[in-house]
Each structure stands twice: as structure tokens, then as C-alpha cells.
Amino acid sequence: MTHILLRHRDIPDINTLNVYKKNGGFAAFKKAVTKMKPAEVTEVVKNSGLRGRGGAGFPTGMKWAFIDKNNWPHYVVANADESEPGTFKDREIMEGNPFQFLEGVAIASYAIGANAAYVYLRGEFWELAAFLDEKIAEMEEAGYLGEDLFGTDYSLKIYTHLGAGAYICGEETALLESLEGKRGQPRVRPPFPPSYGLYGKPTIVNNVETLTNVPLILANGADWYKSMGTVDSAGVKIFSLSGRVRKPGNYELPFGTTFRQLIYEYGMGIQEGRPVKAIMPAGASSSLIAVDDKVLDTPMDYAAVRTLGADLGSASVIVLDDTVSMDWVVNKTIHFFKHESCGKCTTCREGNYWMRNLTERIHSGKGTGADVDLLLNVAKQMQGKCLCALGEFSTMAVVTGIERFPQDFKQAVRSNS
Amino acid sequence: MTKQVSLTINGKQITVPDGTLVVDAAKMAGIDIPVFCHHPKLEPVGMCRMCLVEIGRPMLDRNTGQVVMENGQPKIQFMPKLETACTNRVSEGMVVMTVSDNAKEGQRGTVELLLTSHPLDCPICDKGGECPLQNLTMQFGPGKSRFLYDEKLHLEKQVPLGELIWLDRERCIQCARCIRFQDEIAGEAVLGFDERGRNTQIISLSDPGFDSVFSGNTTDICPVGALTTADFRFGARPWELKAQASICTQCPVGCNTTLNTRREAKAGGEIVVKRVMPRQNEEVNEIWLCDKGRFAYHYTENKKRLTRPLVRKDDKLARASWDAAAKFAAEKFSANKKDFVVLASGRLANEDLFNLKSLADTVGGRAILYSDMGGGGLTRLAGVGAGTNIGAMGAGDAILVVASDLYEEAPIWWCARQTSRRPRRDVDRCQPAPDQTGPLCEVRHPLCLRRRSKNHPRL
Ligand SMILES: Cc1cc2nc3c(=O)[nH]c(=O)nc-3n(C[C@H](O)[C@H](O)[C@H](O)COP(=O)(O)O)c2cc1C
Ligand code: SF4
Ligand code: FES
């Protein structure tokens, strides 16, 4: 299958301007600016069924249409913070196929009437930021960015911005705060960015992968895009596969591919031929799915994964086999969330500190059955009470781990119970 | 007039102005929703999660946009999660439940989490007895902790943020009230958070530390004993203190204050002032006080201060009784009659000025008030004078400061000016010299130009 997003795997040197141009690059942007009204562009994206790839799966065209047209200026922000443990797709896109991503940013900007767009990258991507700066400069040189594009009065500048290495800055409002030069902490939502975003102005925040889809949707039409994937989730998705599989990596596949296909056809199965025990479909933020044949044959799209009591999220599929005990997994994820909690709200700040004490005690064999009960209770007490989704995410693996793998926890505390 | 909306809180129907926060609406209905980060003078942030309540709104039909009715009543759709009353604003037909099982469980949970690493050192804490955390724990919290005592996080307990304010890092609940006060009210954003997660800590961002003339206010609004003043900390328990209403005499603002006093063995059984705090008066100082007003009273403790009368005899000052001293003064006053002039400073209280004037009249002398409000006729027309409601400052289009450095001369007015800029409003100056507010104002200033146009600004 030829790739739509990871096109550098099919076309050598597509990260150079000439090769990208030769392969139809910037034609979609030019068509949009010279031949289409902004609302028409949004309409095509809406009809394509494209949903946000940053985790929530929110319909992209609908988000663009929400932009407040009575308050100007507007901004586009590409979320390149990619910090979810197990997610490593945006980086490959930006390194391998940077112009398609930047063209996506440009088209989104035109669609919502933004003359400035920002690419917010996690601090560790400093080299990538410098690389993107070069690509942006090349686009300016070639007349794809700057003043009066394609002879119209539309102007656009794209800027990169580096974060300081905090997971929370992937959350869109914390990202905006950080971009404004403030402490990266989430804002109370609503208001949402399309009405109150960067510097208080209407802003569209989209994930890198989401935006990279846009040029080809515009070039080939909404129906072409919808012909891939499922009714619920149109198009293709990059699955970042990791864990105990033989061949971890990024796999660009249509929505609806089953877990079994991903793990066994593409990931070449489990190391030492062991059975799959659990799957985390959305990185560390996932619920733990207890795996059986039915689960393996579930098509991966937003709706179907929900029937398994989990969210597909950013589709960073972490596969765990029967050598892995869930109390170890939960200790790991809570270690992460305790470290990354921004500290703004009580629930997540104190809750994760408490949960970390408990998971550590349980995992190190010093815990009791009462500690497991308490851990479950604290996690549930946190649910629905955090200021942002990070705190909510932190409880997912804990609650599902204890409820779906009670044996693992009994085993962990057996010497004290 | 702003639109009014009706809503129901705990079954009680009330009507409040549109845009009111649910927590404030509840207060108007006599219902207290517990809060920590929320402060009526600060912008809402929704971060402490104490004010969790259930909120429902009338369900709207997707197609018609009409309210869906059920048994003759609007059908109420409740939010799936608990909501923060300090960030949600009222809307027509809203239903709020603050004491449902769900809401109470949420509030209990937040107190429990806040107390996990709290040192619980109330017996030696200055805030003990007037501490919102103590009070809300009694009212909403669990009686017992499920958090292991030995796993509490320990942090520095004696951190001077500056010369005047000390921080106890263990007691801090990260509500950011102090940071937000400095930023939003004082306009001196010298405090901030360092680190993140459970390591989040208040730090001073300025050099010298806590470089602000309003720093004392943070100790008033800190809902725990994390911030204390250098002079009062470990000085007394709040319930031992007597409150005396007073007025600050340090500048023309006349902030309303409370003097907290008690008798002390250290002072030979005399009554001493233990601290000065602001007393709420929305027309003068709201609930604020500058550091001069709060700390300058310590001059009264100076050993060299005259507390008993002395009478000059043969060029030497000698001790005398009050009676003898008064008699001596009266004799001298009446002996000089017309040459008798009293020069009184505007810093005296009205009562003192009245008495001085009476005295001068009795002996046939003259009393001269050696100070006057500047500005003359203009001040009376549009300016600040006796009886001006400072709380209404900023209700017009612009604030004109004439020949005064508010920051130095009337700090609380500087603060009021600061808050009235929210949302943005012009603040303009006609200044003899550059001051804290910035560069000089020019005659070509837009304000002056607009003044000549039809829609000239209200001052
Ligand atoms: C704690 C947290 C971390 C997040 N991290 C990322 C991230 O690294 N990259 C990303 O694209 N979205 C991230 N998101 C989702 C964003 O908030 C936002 O929904 C997304 O960028 C919207 O883009 P989309 O509609 O294209 O998915 C995160 C959300 C949360 C709550
Ligand atoms: S849930 Fe966690 S990350 Fe989100 S605001 Fe609260 S403390 Fe910060
Ligand atoms: S008072 Fe509402 S969240 Fe703090």
C-alpha cells in the first residue's frame, strides 16, 4: 500500500522542496488560495470525515467552523508536543515529510483566515525545530509563505516555538499559555480555543498528523478520503506500535484494521511467541484492555475501541504479554503522571503523589490488600474532578488494571495479606 | 441595567444579575459553597477543586431550540461531572445542588487530598483560629486520614520571601491567591510558582525578595498559615487579641484598619498593638492595606517615644504629672492670647482637629490647618476629595492623575487604579516629574484631543 502521510517511505527525498513539488506539492494550497473561499475549504475537510489525531478524535472540519468570526485576528497552532509515552508518529512525519505537514498548516490557516501560524514543538525536538525553520525559509523563498501569496492579498507566516519539556504542554490550553510565554498550565474550558485561544484570540489547535492529512484531502476530494477507513472513523491512521512485539514502529493503516492484523501482520507477533495479555491503545493514558480473541479481532476505530472500555486516543498501541504484571505497569504509569502533573489542581497534584506511594508500596511487595482497595478508591475519587484531562488519564490504567487484572494485584501483595 | 436571570440553588429560587458566578449567586441566597482558590476580588481560576457542585440547565430541543418540557416543568439536564461553582456563571433556569450526596462527596474528597501532605501543625500555626482550611475541614472534611503519616512530604518551614513575609512550604495549598493578588491587584507580579506537580512551590521572582509595597495583603488572603508577616509570626494567638477599629494616618487615602491589641507581660502589663490589618470599606480601601499602613505602627514601640509629659524649667526638661503639665500649658496659652497660633497637620483625625480648634478659640488664638487637598476647584468637580467613593474609580472612561505619584503618596489608590484597568481603561497623567506610572503626559495626548470632541471622556 502506498502511504498518504508517511510518503517519504515511498518517495525518496520528499523532504526536499523540489521533490515535494514534483509530487504535487503545494498544488492544494494554491488551489485553496486562488480558487476557493475559506468556508469551502472547511466544508471539504468537514465532508471528508477527518477527525483529530491528537487524542480526542474531534471532527476537524467542525472545529474549524466553530472559529469565532466576530473576533480577530485568528491563529493556527500545530500541536507538535508529542509527549504521550508510546507515541512517536508526529516526529516521523515532520522529519520525513515536512512540507506536507507545513502545507496542511498553511491550508488550515487560509480556511480560518489566519495570517500567522505556530508550530509548538516539545523542547527535546530542538533539532527538528531547526530543520523545520529551514523548510519554512525555503517555502518563503519559493513564494509559498509570506506576503500576497499566489498574487492574491492573502499573507501567511509560520513560526516554530520550542516548549521546555513538559507533557502537560500537549494539552491545548496549557500549550497556548506556554506559547504566550507563561507557565504551561491548562486554562479552565470553556471557553475553548476557537473562541478564546492564543492571546485571547480565536485559535485552531490541531495535531501534526491531523494537519498532514489536509493537503491530500483537498487534492483528491472528501469522497476519496472517506472511501478509506470505517464509517465512524474515515481515512488512515498512523499506529505507533510498541511493547513486547517483535517489530515495533509506526504503521500507517486504514481505520478498521484489527488489533490482530497490527500486532501479528505488521508487528510480526510477540517476542518468544508469547500470548498477548493486555493492550494499551492510547499510550500511558490508556485503559488496560484484557485481551482475548474477540479483542484481537476488534477493528481499530474510535467507536469500536470504546466498546472495549477504552479510548483509541492517539493510537499508540502498547502491547503487553504474559510476562508483564499489571501492578508493574500501573506503577510505571503513575510514576509518569506524578512527574508530569502540572500541580495546578489539587486532585491531580495530591492524588498522583498519593497513588505513587501506594503503587510503589504494592509493587515492591510491601503492600496489603487494603492498599490495593485504597488505591482503587483514591483513583475513583479523582475521576471527574480534575481541571484537565491529564489527571483523568492518570486514573485510567489504575482503575482498569485493578478491576480487570485482580490476580496480578493479589499476587503482588500476597506475602502481606 | 444588566439582565437578571433566575435560578434554583438547593431548591431556593433566586434572581441575580446575568454573568454572576454560581458561588457568588449562592452567597446572595445565603448558601455558602466552600472555596479556597476563589476570591471575590480575583479572577476565577478553578484550580483548588473545593467548590464542586452539581449543575443542571434546561434541556433544549436540538431542532427547535425550545426548552424541553416534562410534566409542565422544564426538563433539566445535569452535567455528567461535578462542576466548579467558582468558574461557572449563572444562566436562566439553572439548577444547582451544593449539598447533594455527590457534591458532598466531591468536597470531602478535595479536603482529604489537600490534607494528605499538610503538616497539621495548627497548635503552633499563626492562622490557627482564623484559618479557612481548619474551618472547611471541620465542616466538609473527613474526620480521619487514610494517608500514611510517615509518607507525608516534608518541606522547608521557614522561608523568608522578603524582609516582611515568611513562607511555610508545608502549609501551602498552591491556591495561587498570593501570586494572583500581586499580579491582578497590586500590579507587581513578583511571586510565582516554581517546579510542578507536588513539588510546586511559591517563590519570589524579584531581587530584593518580595519587592512590593503591598506584600502584607497576601498574608490576609492566604487561606492557610503559609504566609505570615515577619513581625506577627509566633507573636500571639488570634483569639487573644482585641480588635479596635481605626484609620490609617500614613497618607491621604485613610484606609480603614483594625488594630489587634492585647496586654503583655513583656510590656509591663501595658496594652500593645500586635498587628494592624485592613478593615473592609468598599468606598475607601476595599480589603487592602499598603505595607506602610500595616507595618509603620512599630514606631510606637520606640523607647525614645514620649509617653509621659515633660515640662521645661530653666532650659531643662523635667518630669511632671499630667495635671501640672496641663496647668502649665493653659497658663502659657492664656498669657499670649492673640499671638497664640496652632499649626495642625492634615494627618490628625477630625476629632483631634476639632479639639485643637476649640482650644484655639477658647483662648482667643488661631488654628491653621497646615495641609489642604491639592487641585482646588478642579478636584471638587471631578477629582478625589473627602467623601469620594474610591470603589467607583474606573467606572468612567479614564482616570486622570494630576501632579501626584500615587505609588509613593497614596499606594492604595495606585492599587485601585490598577484594578480599574481590568478590563482595559485609559489611565492618564499630567505629571510634573516622571513617576512609577511611566513617561510624562503630553498636551497632545489623545485624552486632551478627545476632550475637545463631542464624545469627550467621562473622568
Ligand atoms: C495531558 C494531555 C496531553 C496532550 N498531549 C498532546 C500531544 O502531545 N499532541 C497532540 O497533538 N495533542 C495532545 N493532546 C490533545 C490536545 O489537547 C488537543 O486536543 C489536540 O491537540 C487537538 O488536535 P486534534 O483535534 O487535531 O486532535 C493532549 C491532551 C492532554 C489532556
Ligand atoms: S489535572 Fe493535573 S495536569 Fe491537569 S490541571 Fe490538574 S494538576 Fe494540572
Ligand atoms: S474555589 Fe472553585 S476551584 Fe477553587
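Numbered from 1 within each chain, the chains take letters A, B, ... in sequence-line order. Bear in mind that the values here come from a model prediction, so they are computed numbers and not experimental data. All values below were derived from every heavy atom in this structure, side-chain atoms included, with hydrogens, water molecules and symmetry-related copies excluded.
- Contact of Leu153(B) with chain A is made through backbone and side chain together, with heavy-atom distances under 4.5 Å.
- Only the backbone of Glu195(B) comes within less than 4.5 Å of a heavy atom of chain A; no side-chain atom from C-beta onward does.
- Arg49(B) contributes a side-chain N or O that, together with a main-chain N or O of Cys386(A), makes up a donor-acceptor pair within less than 3.5 Å.
- Here Leu114(B) is the residue among Ile173(B), Leu114(B), Leu82(B) with the most heavy-atom pairs under 4.5 Å with chain A.
- Contact of Asn352(A) with chain B is not made at all, since no heavy-atom distance falls under 4.5 Å.
- Of the residues considered (Glu350(A), Gln185(A), Arg361(A)), Glu350(A) shows the highest number of contacts with chain B, using heavy-atom pairs under 4.5 Å.
- A salt bridge does not link Lys338(A) with Glu360(A): every distance from a Lys NZ or Arg NE/NH1/NH2 to an Asp or Glu carboxylate oxygen is 4.0 Å or more.
- The pair Arg183(A)-Glu177(A) fails the salt-bridge criterion, with no side-chain N (NZ, NE, NH1 or NH2) lying under 4.0 Å from an Asp/Glu carboxylate O.
- Annotation: maximal heavy-atom pairing with chain A below 4.5 Å, among Glu83(B), Glu105(B), Glu151(B), Glu112(B), occurs at Glu151(B).
- In terms of modelled atom types and a separation under 3.5 Å, the side chain of Asn10(B) and the main chain of Thr98(B) share a donor-acceptor contact.
- Using a 4.5 Å cut-off between heavy atoms, Phe36(B) does not touch chain A at all.
- Counting heavy-atom pairs under 4.5 Å between each of Lys385(A), Gln383(A), Arg349(A) and chain B puts Arg349(A) at the top.
- For chain B, the nearby parts of Leu387(A) are the backbone and the side chain; heavy atoms of each come within less than 4.5 Å.
- Between Phe66(A) and Phe58(A), the ring planes lie tilted relative to each other; the angle falls in the 30° to 60° range.
- Between Glu340(A) and Arg196(B), at least one side-chain nitrogen of the basic residue sits less than 4.0 Å from a carboxylate oxygen of the acidic one, meeting the salt-bridge criterion.
- Proximity to chain A is limited to the backbone of Asp194(B), based on heavy atoms less than 4.5 angstrom apart.
- Contact of Leu113(B) with chain A is made through backbone and side chain together, with heavy-atom distances under 4.5 Å.
- Considering only heavy atoms from C-beta on, Met382(A) comes within 4.5 Å of Ser394(A) through its side chain.
- Ionic pairing of Lys366(A) and Asp371(A) is not present here: no N-O contact between side-chain nitrogen and carboxylate oxygen is shorter than 4.0 angstrom.
- Considering only heavy-atom pairs separated by less than 4.5 Å from chain B, the leading option among Cys342(A), Gly351(A), Pro186(A) is Cys342(A).
- For Arg187(A), no part sits under 4.5 Å from any heavy atom of chain B, backbone or side chain.
- When atom types are taken as modelled, the side chain of Gln201(B) and the backbone of Cys172(B) share no donor-acceptor pair closer than 3.5 angstrom.
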